[in-house]
Amino acid sequence: MKKLSEAEITQKLEAFEGWELNDNALETTFEFHNFKEAFTLMTRIAFECEAQNHHPDWSNVYNRLHIRLSTHDAGGVTEKDFKLAQTIEALVSTNPE
């Protein structure tokens, strides 16, 4: 998988509200009503990560979920990261509140 240029990443990020390029990775933070909501979504995301064989660096503190995506084999952001980001966005948007 080919590492994307900063210009390519910037252009693609226009379609992803709340995501940014930070230190050679895509990053975002989601906030939920409580820990249970955050952890439930993390579990749903985990199944998709396994299906795509692509795993985020992430952390969870109470109701906040911080996600960082990069393709380690390519040394930066690739299409694979944007595909997973799109999947995550779809799961967040369908998350029942």
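One-based numbering along the sequence shown.
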### Message
Restricting to non-hydrogen atoms, name the atom on N63 and the atom on H33 that form the minimum distance, rounded to 0.1 Å.
### Response
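Smallest heavy-atom distance, with atoms named: CB-C, 4.2 Å.
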### Task
Measure across A46 and W58 and return the closest heavy-atom pair with its distance rounded to 0.1 Å.
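What the structure gives for the nearest pair is N-CH2, 4.1 Å.
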Non-hydrogen side-chain atoms of [X] and [Y] separated by less than 4.5 Å:
X	Y	result
L84	L26	no
L91	E48	yes
T29	L65	no
R68	S70	no
E27	I67	no

### Counterpart residues, side-chain hydrogen bond (donor to acceptor under 3.5 Å, both in side chains), relative to T71 (two or more places apart)
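T71 satisfies side-chain hydrogen bond (donor to acceptor under 3.5 Å, both in side chains) with T78, D81 only.
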### Message
Tell me every residue that passes side-chain hydrogen bond (donor to acceptor under 3.5 Å, both in side chains) with S59, counting only those two or more places apart in sequence or in another chain.
### Response
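Testing S59 for side-chain hydrogen bond (donor to acceptor under 3.5 Å, both in side chains), a comparison that skips the adjacent residues, returns none.
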Might you confirm whether atom [atom1] of [X] has over 12 heavy atoms from other residues, nucleotides or ligands at distances under 6.0 Å?
X	atom1	answer
N34	CG	yes
E31	CD	yes
Q11	CD	no

### Carboxylate-amine/guanidinium contact E8 K2, below 4.0 Å
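Salt bridge: yes.
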### Message
Go through it in stages, so that I can follow the logic: the residues are R44 and T94, the test is side chain to side chain contact (heavy atoms under 4.5 Å, CB included), and I'd like the CA-CA distance, side-chain angles, deciding distance and then a yes or no.
### Response
CA-CA 11 Å; R44 293 176 67 202; T94 61; 3.6 Å; yes
### Query
Distance-only, no hydrogens or angles: does the N24 side chain make a donor-acceptor pair with backbone N or O of G75 under 3.5 Å?
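Present.
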#### Entry: Centroid-centroid distance, F16 to F82, less than 6.0 Å
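For F16 and F82, the ring centres are under 6.0 Å apart.
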### Query
Are K83 and Q52 close enough, and set up right, to give a side chain to side chain contact (heavy atoms under 4.5 Å, CB included), and what steps lead you there?
CA-CA 9 Å; K83 180 181 178 191; Q52 293 182 30; 3.8 Å; yes
### Residue pair D73, M1: steps toward the side chain to side chain contact (heavy atoms under 4.5 Å, CB included) verdict
CA-CA 8 Å; D73 294 346; M1 181 103 359; over 6 Å; no
Give, for atom [atom1] of [X] and atom [atom2] of [Y], the distance between the pair rounded to the nearest 0.5 Å.
X	Y	atom1	atom2	value
E37	Y62	CD	OH	9.5 Å
F32	L41	CZ	CG	4.5 Å
L21	I9	CG	CD1	5.0 Å
K3	E79	NZ	CD	14.5 Å

### E50-H55 side chain donor-acceptor pair, cut-off 3.5 Å
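Present: a donor and an acceptor within the cut-off.
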### Query
If you measure only the distance, is there a donor-acceptor pair under 3.5 Å linking the side chains of E20 and T28?
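Absent: no donor and acceptor within the cut-off.
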### Query
Under the side chain to side chain contact (heavy atoms under 4.5 Å, CB included) criterion, do D57 and L69 qualify, and how do the steps go?
CA-CA 6 Å; D57 292 329; L69 302 175; over 6 Å; no
### With sequence neighbours excluded, residues passing ring-ring contact (aromatic ring centres under 6.0 Å, His included) with F30
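Once residues adjacent in sequence are excluded, F30 has no partner under the ring-ring contact (aromatic ring centres under 6.0 Å, His included) criterion.
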